[in-house]
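Computed from heavy atoms alone, side chains included, the values below leave out hydrogens, waters and symmetry copies. Below, chain A is the first sequence line, B the second, and so on; all start at residue 1.
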Amino acid sequence: MTPILDADVMLRAERLAKSFVLHNQGGVRIDVFADLTLEVRRGECLILSGPSGAGKSSLLRSLYANYKPQAGAVLVRHGDEIVDLCAAEPYRILEVRRQTLGYVSQFLRVIPRVPTLDLVTAPLTDRGVDPDEARERAGSLLARLRIPPALWGLPPATFSGGEQQRVNIAMTFVQDYPILLLDEPTASLDVENRRTVTDLIAEACGRGAAVVGIFHDAEVRAAVGTRSYDLAAGREAA
Amino acid sequence: MSEARRRLLMRTDWGIVYQNARDGLRMKVSAGANVGERLMAIGDRHYGHIRAEAVDWLERVEMDLGRIDDLPATFSGGMQQRLQIARNLVTKPRLVFMDEPTSGLDVSVQARLLDLIRGLVGSLGIACVVVTHDLGVVRLLSHRLMVMKGGDVVEHGLTDQVLDDPQHPYTQLLVSSILPV
Ligand SMILES: Nc1ncnc2c1ncn2[C@@H]1O[C@H](COP(=O)(O)OP(=O)(O)O)[C@@H](O)[C@H]1O
Ligand SMILES: [Mg+2]
């Protein structure tokens, strides 16, 4: 059966369950969430809330197919198709990630020794964007995120925490993903940069992207959030 | 598959990069000839063309062209692996097997070689099966991962999923044994 989504639903988690069994630590089992259902629509920013350890990052990673849920489905609107990431083949998941699903992780993880500008340009050239245009777009986004041009030719390994996080954000926001998953993208940023990232998120929603995010900062939450889902309680809050 | 067909595929469609360069190179002929003879094996007889292709491939694997007439035995481990890769890719294979291609090399040489393999495999659209025990190599190079233990596949899937959320006790043990840097 082909899964069905309402016309403006971009992402739906259905009866999703995530647990970990730590085989080398006496088989301890951690139940993070179960029977979790949520939907995100075009232009909407859903905020995941809950105390530390509630499972916010685990849910976000499950929506990206970086974690493997024990039960349920993650339905993604991918072009004209609906793909269940819990059942899809690896090549299909990679295709969905390339074109539809962007993810900003809490910490930057990149191929060593690749210059920053190339890292931000690559997602575009991988999709066939003309290299000159790709560099232009990558450069203007890095500038907007206040990464000084003097750093563009260097790999980000030696950058400050905040600079690395902004490179991480640039690598995802350089293309217009239909769905964005954001894990504390503003955590280590100063006020000005936090505002820039808030603007980027609002602009993404404005063009119709569906966003799911974890934000510690109340100001950011108020500025971008349209709804929140409380993980501790396992239900949608107002 | 018949033996003859398998041999033809080995020359035309497949490539093998061995862990030990001595198994994959002919140590008694020059670097240029190591690349050129693979072309001759599939019927190329034009010396000028063969030489030009050899030069082109030695450049693509970032080898010093001044060494084209030297014997592989005089090369460093990293250069020998580059030469093996050039020798394999010159016939434009569609499937390449690599057995621990970077083990035994200095870490800095390893990283450059991995960049090179990643770039070439991506731009040429080659399918690659890599055997390695180095999880850093796995994360950097592969899209899919099969974890083997005692001859059995214990877990397989999308590389980052298997490494970040390993299900099998053996995979969990491997992942938790990575030394922090
Ligand atoms: N890869 C993993 N292996 C084992 N346990 C994990 C893993 N990732 C997260 N957990 C556990 O899942 C629970 C939820 O963690 P997390 O999703 O990071 O919460 P939050 O983001 O809300 O702080 C924690 O108990 C954490 O230890
Ligand atoms: Mg978290």
Positive for side chain to side chain contact (heavy atoms under 4.5 Å, CB included) with A:Pro90, one of B:Thr159, B:Leu145, B:Leu158, B:Asp160: B:Leu158
Chain B heavy atoms under 4.5 Å from A:Ile93: which part of the residue, side chain, backbone, both or neither? side chain
How long is the gap from OG on B:Ser177 to CG on A:Asn24, to the nearest 0.5 Å? 8.0 Å
In plain terms, say whether A:Arg61 and B:Asp165 are close enough for a salt bridge, that is, a side-chain N and a carboxylate O under 4.0 Å apart. no
Assert top hit (heavy-atom pairs under 4.5 Å, partner chain A, pool B:His143, B:Arg139, B:Arg144) equals B:Arg139
Decide if atom CZ of A:Arg113 counts as having more than 12 heavy atoms of other residues, nucleotides or ligands within a radius under 6.0 Å. yes
Given heavy-atom pairs under 4.5 angstrom as the criterion, report whether the side chain, backbone, both or neither of A:Tyr91 touches chain B. neither
Under a 4.0 Å N-O cut-off, is there an ion pair linking A:Lys68 with B:Asp164? no
Donor-acceptor check, side chain of A:His23 to backbone of B:Gln167, threshold 3.5 angstrom: yes or no? yes
If I measure from the heavy atoms of chain A, does B:Leu140 come under 4.5 Å with its side chain, its backbone, both, or neither? side chain
Tell me, side chain or backbone of A:Gln25 under 4.5 Å from chain B's heavy atoms, or both, or neither? neither
Whether the side chain of B:Gln161 engages the backbone of A:Ala65 through a donor-acceptor N/O pair (distance < 3.5 Å, no angle test) should be reported. yes
Name the option with the most non-hydrogen atom pairs under 4.5 Å to chain A; the candidates are B:Leu173, B:Leu114, B:Val162, B:Leu163. B:Leu173
Examine whether an atom of A:Arg92 lies under 4.5 Å from a heavy atom of chain B, and if so say whether it belongs to the side chain, the backbone or both; otherwise answer neither. neither
Flag if over 12 foreign heavy atoms under 6.0 Å of CD, A:Glu136: no
